[in-house]
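First comes the structure, then the notes that go with it.
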Protein chains: 2
Amino acid sequence: METVSEIPALRKLVDAQRKQNASIGFVPTMGALHAGHVSLIEAARRDCDFVVVSIFVNPTQFGPSEDFEKYPRVVEQDLAQCHKAGADLVWLPTTEIMYPENFSTCVTVKTLSQVLEGKTRPDHFEGVTTVVTKLLLSCLPDVAYFGAKDYQQQAIVRRMCLDLNIPVEIKTCPIIRDTDGLALSSRNAYLSESERESALSLSRALILAEELVNAGETDLNQLKAEMQQLISSTPLLKLDYATIVDADTLEEISTPQPAMVALVAAYAGATRLIDNCPLSVDSAQ
Amino acid sequence: METVSEIPALRKLVDAQRKQNASIGFVPTMGALHAGHVSLIEAARRDCDFVVVSIFVNPTQFGPSEDFEKYPRVVEQDLAQCHKAGADLVWLPTTEIMYPENFSTCVTVKTLSQVLEGKTRPDHFEGVTTVVTKLLLSCLPDVAYFGAKDYQQQAIVRRMCLDLNIPVEIKTCPIIRDTDGLALSSRNAYLSESERESALSLSRALILAEELVNAGETDLNQLKAEMQQLISSTPLLKLDYATIVDADTLEEISTPQPAMVALVAAYAGATRLIDNCPLSVDSAQ
């Protein structure tokens with residue numbers, strides 16, 4: 001497994017593979033890799049001939065009061081995980097490489113970026129879409145892998161690639177959960193033992209929604225209220241949203257439709273947590 | 001010479017060339033081709049193995065009160081010019097291909113888009129940068145050619161490609177002028193005989209600035225005032241700006257520096273005209 005920092009070096013290695021007709025898989029990450037990231041690298045390994053992982057803690061997607069400074073940085077450990085999961089190349093750009101002097105361009109996905117996470121984190125997705133464009137166009141893979149845990153992010157990245165004709169296929173891989181149901185996140189490291197116990201209410205709210213749908217509940221507003229109640233009544237948790245949306249447009253819906261997703265967000269202490277679950281209308285009988 | 005509309009068809013033809021190691025040159029246009037566009041196609045022909053020209057009158061770069069509806073559309077004539085200038089492929093996307101339902105992404109180059117043209121045409125450059133990103137990423141040429149007449153546009157496109165790591169080299173080709181000095185523009189077709197005569201004041205103002213610099217004038221504010229005076233005193237012309245800026249940052253300057261450009265914009269009747277000229281500090285002796 002090789003590592004590079006500079007973009008010309010990255011391109012040289014990827015181009016050499018492409019010239020040999022190798023398919024290129026790419027997993028963009030902010031490091032602090034957990035089993036969720038590993039599942040993305042493994043998916044790329046299964047699908048593609050050459051697997052590139054990027055590790056870059058992107059400052060522009062953090063709000064001024066967010067956790068950019070304390071975001072976990074464990075590069076040696078990350079490199080070992082990349083190697084074990086089958087990565088061929090790890091790209092570690094610096095902030096200076098990504099945002100040189102006089103940098104002034106941004107990519108914005110208007111509608112999808114304003115709802116849900118976008119309401120609480122107003123510049124977050126502009127930071128994400130700008131850096132993901134840069135990462136994709138620097139590497140130019142055939143396929144890029146995103147986790148379903150950041151549901152809105154992968155929906156926005158899909159829309160962006162479609163809209164800008166970025167010639168990369170986006171694959172979204174399932175959420176990986178701890179044995180107790182908590183969706184894996186690099187930010188789980190911030191949780192105290194009691195906050196972590198409370199955090200389980202997020203996945204429990206989603207399971208509850210699924211169970212109610214399976215039991216025949218078709219009043220989505222009722223479902224939302226039940227999820228909200230479960231999270232709000234949990235000690236140490238502060239609900240941000242618990243809702244059900246159209247899987248593509250992310251518009252809130254109140255009657256069942258074929259493609260819909262339940263999404264929840266809450267703070268456990270100072271730590272923001274999100275989770276989601278597709279709801280199947282087929283089971284709504 | 002072939003023509004295509006759909007992006008997959010374009011990519012198939014370009015990819016086939018790339019697989020044979022052909023270098024790809026690309027000239028994005030809005031049609032109504034004149035000798036300026038032809039010089040870009042010819043430059044691409046000289047430099048590259050395979051030359052693609054796009055013709056698309058992009059609605060999003062026109063303001064609500066601008067000339068989108070009446071912008072000249074002469075496709076048969078354009079195709080003949082492309083063929084004669086040596087194009088291999090002309091791409092003619094429709095508005096539906098470029099902006100499908102639910103399109104919602106934009107690319108913005110913040111600082112450079114707000115000055116000069118951006119002051120009078122507030123959403124113009126966002127329309128340009130978004131469509132140029134789409135055009136470049138659909139075709140993925142090695143080199144794309146832009147005219148120096150739209151000086152700010154090529155500066156913004158360069159900044160954008162650098163910032164977003166768009167893997168395309170931007171080449172800017174010299175302004176082509178009519179024998180009387182008027183910079184060629186598809187919009188010159190709108191001018192009455194007397195407006196056209198007045199329009200010559202734009203290039204005359206630039207020549208005056210050049211002559212004054214050559215004669216040793218180093219007070220750029222004086223130069224600007226002379227250019228402004230020449231344009232303002234011309235019947236039928238309404239001055240927008242006549243200024244001297246840093247060639248890269250487009251910041252207005254008042255003392256000479258190695259890379260600087262004089263830029264002018266004015267209305268002749270309802271028709272907006274622009275022109276520019278690099279000023280050489282070497283001659284400022």
Side-chain angles (χ1 to χ4, degrees), chain A residues 6-8 10-12 14-15 18-19 21 54 60 91 93 97-115 118 125-126 128-140 142 155-168 246 248-251, chain B residues 6-8 10-12 14-15 18-19 21 54 60 91 93 97-115 118 125-126 128-140 142 155-168 246 248-251:
Chain A
E6 300 286 344
I7 294 169
L10 167 74
R11 284 184 168 155
K12 202 174 160 191
V14 174
D15 284 351
R18 199 180 288 117
K19 283 218 165 64
N21 288 315
S54 68
T60 68
W91 175 32
I97 288 171
M98 294 302 277
Y99 301 111
E101 204 188 352
N102 291 327
F103 182 93
S104 56
T105 304
C106 68
V107 176
T108 316
V109 177
K110 289 172 185 175
T111 342
L112 295 180
S113 296
Q114 285 155 10
V115 297
F125 286 118
E126 187 172 291
V128 169
T129 44
T130 303
V131 82
V132 171
T133 298
K134 288 174 61 63
L135 294 168
L136 294 179
L137 295 180
S138 296
C139 180
L140 270 188
D142 297 286
I156 289 172
V157 167
R158 282 173 182 277
R159 180 80 251 168
M160 174 186 86
C161 287
L162 206 64
D163 284 354
L164 295 185
N165 309 104
I166 295 176
V168 176
D246 177 288
D248 295 316
T249 66
L250 305 184
E251 279 166 26
Chain B
E6 301 286 346
I7 293 168
L10 167 75
R11 282 183 169 157
K12 201 173 160 190
V14 174
D15 284 350
R18 199 178 290 118
K19 282 219 165 64
N21 288 315
S54 68
T60 68
W91 174 32
I97 288 171
M98 294 302 277
Y99 302 111
E101 205 188 351
N102 292 326
F103 182 93
S104 56
T105 304
C106 68
V107 176
T108 316
V109 177
K110 288 172 184 173
T111 342
L112 295 180
S113 297
Q114 285 155 11
V115 296
F125 285 119
E126 187 171 292
V128 169
T129 43
T130 303
V131 83
V132 170
T133 299
K134 288 175 62 61
L135 295 168
L136 294 179
L137 294 180
S138 297
C139 181
L140 270 187
D142 296 285
I156 289 172
V157 166
R158 282 173 182 276
R159 183 78 251 170
M160 174 185 87
C161 287
L162 207 63
D163 284 354
L164 296 185
N165 309 102
I166 295 176
V168 176
D246 177 287
D248 295 315
T249 67
L250 306 183
E251 277 165 26

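Sequence lines set the chain letters: A, B, ... in the order given, protein chains first and strands last, and positions in each chain run from 1.
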- Which region of B:Ile166, side chain (C-beta onward) or backbone (N, CA, C, O), has a non-hydrogen atom less than 4.5 Å from a non-hydrogen atom of chain A, or is it both or neither? both
- For B:Leu140, is it the side chain, the backbone, both or neither that has a heavy atom under 4.5 Å from a heavy atom of chain A? side chain
- Among A:Thr105, A:Leu137, A:Thr129, A:Asp248, which residue forms the greatest number of heavy-atom pairs with chain B at distances under 4.5 Å? A:Thr105
- Message: List the residues meeting salt bridge (Lys or Arg N to Asp or Glu O under 4.0 Å) with A:Arg18, not counting sequence neighbours, and say none if there are none.
- Response: A:Asp15
- Message: Quick one: does any side-chain atom of A:Asp163 pair with a main-chain N or O of B:Ser104 as donor and acceptor, under 3.5 Å?
- Response: yes
- Task: Name all residues meeting the side chain to side chain contact (heavy atoms under 4.5 Å, CB included) criterion together with A:Thr249; count only those two or more places apart in sequence or in a different chain, and write none if there are none.
- Result: A:Asp246, A:Glu251
- Message: For a quick test of reading the model, state the closest non-hydrogen atom pair linking A:Asn165 to B:Arg11 and the distance between them.
- Response: O-NH2, 2.8 Å
- Note on the structure: Residues B:Arg159 and A:Glu101: closest non-hydrogen pair is NH2-O, 3.6 Å
- Query: Of the listed residues (B:Val107, B:Leu164, B:Val109), which shares the most heavy-atom pairs with chain A below a 4.5 Å separation?
  - Reply: B:Leu164
